Amino acid sequence: MWKIDYHPEAKRELKELDGFQRKVVLKAIIKVSENPLPYTEGGYGKPLGNKSGNNLTELLKIKLKGLGLRVVYKLMKAEADTIMRIIVISVREDNEVYDIAAKREGR
């Protein structure tokens, strides 16, 4: 299981969800953290690539279709730790979630 870390804004976004949404999102994040690698490498992650002119090739997403939410994350390796950093938790709305992720990652 990878260590889960949150961008400060993603932590705020999680807190702003209603109780049911928060529970579903946390459950999905925990499940994916067991193997957050891209599905092409046998994991649960879905690579982003280029979205709306944003180069998000190192980022992955979790789609929560029933809630209309996306969780965008990045995998990082630091010394002995493997970290799944949650970048943004938001509704998809015209790819806005991907624009936010690009901004937070400085792209």
Side-chain angles (χ1 to χ4, degrees):
M1 190 163 179
W2 290 53
K3 180 180 175 188
I4 301 169
D5 181 50
Y6 291 86
H7 183 283
E9 291 296 313
K11 190 177 272 190
R12 182 185 55 77
E13 291 161 350
L14 182 64
K15 288 179 183 178
E16 290 177 357
L17 296 174
D18 70 40
F20 174 76
Q21 289 175 322
R22 189 177 316 113
K23 182 177 178 180
V24 172
V25 168
L26 285 171
K27 185 175 179 181
I29 289 171
I30 290 167
K31 178 183 177 184
V32 171
S33 74
E34 293 171 8
N35 190 357
L37 297 171
Y39 68 87
T40 55
E41 296 175 33
Y44 293 118
K46 293 179 176 60
L48 285 175
N50 289 308
K51 295 282 187 187
S52 301
N54 295 310
N55 181 3
L56 305 174
T57 52
E58 295 178 11
L59 303 180
L60 299 110
K61 69 180 173 184
I62 303 169
K63 289 169 59 172
L64 297 159
K65 292 180 185 179
L67 299 177
L69 294 171
R70 300 290 185 274
V71 176
V72 177
Y73 66 95
K74 179 179 184 177
L75 300 178
M76 304 182 321
K77 294 183 179 169
E79 296 178 27
D81 286 334
T82 51
I83 300 166
M84 177 181 168
R85 180 157 172 86
I86 308 299
I87 306 297
V88 61
I89 301 168
S90 184
V91 294
R92 184 167 178 265
E93 285 188 32
D94 296 328
N95 293 322
E96 181 181 352
V97 67
Y98 305 126
D99 294 337
I100 294 168
K103 182 179 176 185
R104 290 184 186 167
E105 283 294 294
R107 298 175 188 215

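If you're wondering where the values come from, they're calculated on a predicted model, not measured in any experiment.
Contact record, Tyr73 with Gly45: OH-CA, 3.0 Å, taken as the closest heavy-atom pair. The shortest non-hydrogen separation linking Val88 to Ala101 is CG1-CB, 3.9 Å. Across every non-hydrogen atom of Asn50 and Asn55, the tightest pair is OD1-CA, 3.2 Å. For the pair His7 and Ile87, the tightest heavy-atom approach, listed with the atom from each and the gap, is CB-O, 3.8 Å. Closest non-hydrogen pair, Pro36 versus Leu60, comes out as O-CD2, 4.2 Å.
The side-chain contact (heavy atoms from CB on, under 4.5 Å) check on Lys15 picks up Lys11, with sequence neighbours excluded. Applying the side-chain contact (heavy atoms from CB on, under 4.5 Å) rule to Gln21 yields the partners Leu17, Asp18, Leu67; only residues at least two apart in sequence or on another chain are considered. With sequence neighbours excluded, the residues forming a side-chain contact (heavy atoms from CB on, under 4.5 Å) with Lys63 are Lys46, Lys61, Lys65, Arg70, listed by chain and number.
Taken to the nearest 0.5 Å, the CD1 atom of Ile83 stands 9.0 Å off from the CH2 atom of Trp2. Rounded to the nearest 0.5 Å, atoms CE (Met84) and NZ (Lys3) are 14.0 Å apart. Atom-to-atom distance recorded for Leu75:CG and Arg85:CZ is 12.5 Å, nearest 0.5 angstrom. The CG atom of Leu69 lies 8.5 Å from the CD1 atom of Ile89; values are rounded to the nearest 0.5 Å. Interatomic distance, Arg22 CZ to Glu16 CD, rounded to the nearest 0.5 Å: 10.0 Å.
Residue Tyr6 is grouped with residue Val91 when hydrophobic side chains (ILVMFWY) are merged at heavy-atom distances under 4.5 angstrom, including chains of intermediate members. Note on Met76: it does not cluster hydrophobically with Leu56, by side-chain heavy-atom contacts below 4.5 Å among ILVMFWY residues. When hydrophobic clusters are built by joining Ile, Leu, Val, Met, Phe, Trp and Tyr residues whose side-chain heavy atoms come closer than 4.5 Å, directly or via intermediates, Val32 is grouped together with Val25. In the hydrophobic clustering of ILVMFWY residues, with side-chain heavy atoms under 4.5 Å counting as a link, Ile29 and Leu37 come out together. Residues Leu64 and Val72 do not share a hydrophobic cluster, defined by chaining ILVMFWY side chains whose heavy atoms lie under 4.5 Å apart.
For the pair Glu34 (side chain) and Met1 (backbone), a donor-acceptor distance under 3.5 Å is absent. For the pair Asp5 (side chain) and Ile86 (backbone), a donor-acceptor distance under 3.5 Å is absent. The main-chain N or O of Val97 is never found under 3.5 Å from a side-chain atom of Asn95 such that the two would form a donor-acceptor pair.
Put simply, the side chain of Tyr39 reaches to within 4.5 Å of the side chain of Pro47, judged on heavy atoms.
One finds a salt bridge joining Arg104 and Glu13 here, because a Lys/Arg side-chain nitrogen approaches an Asp/Glu carboxylate oxygen to under 4.0 Å.
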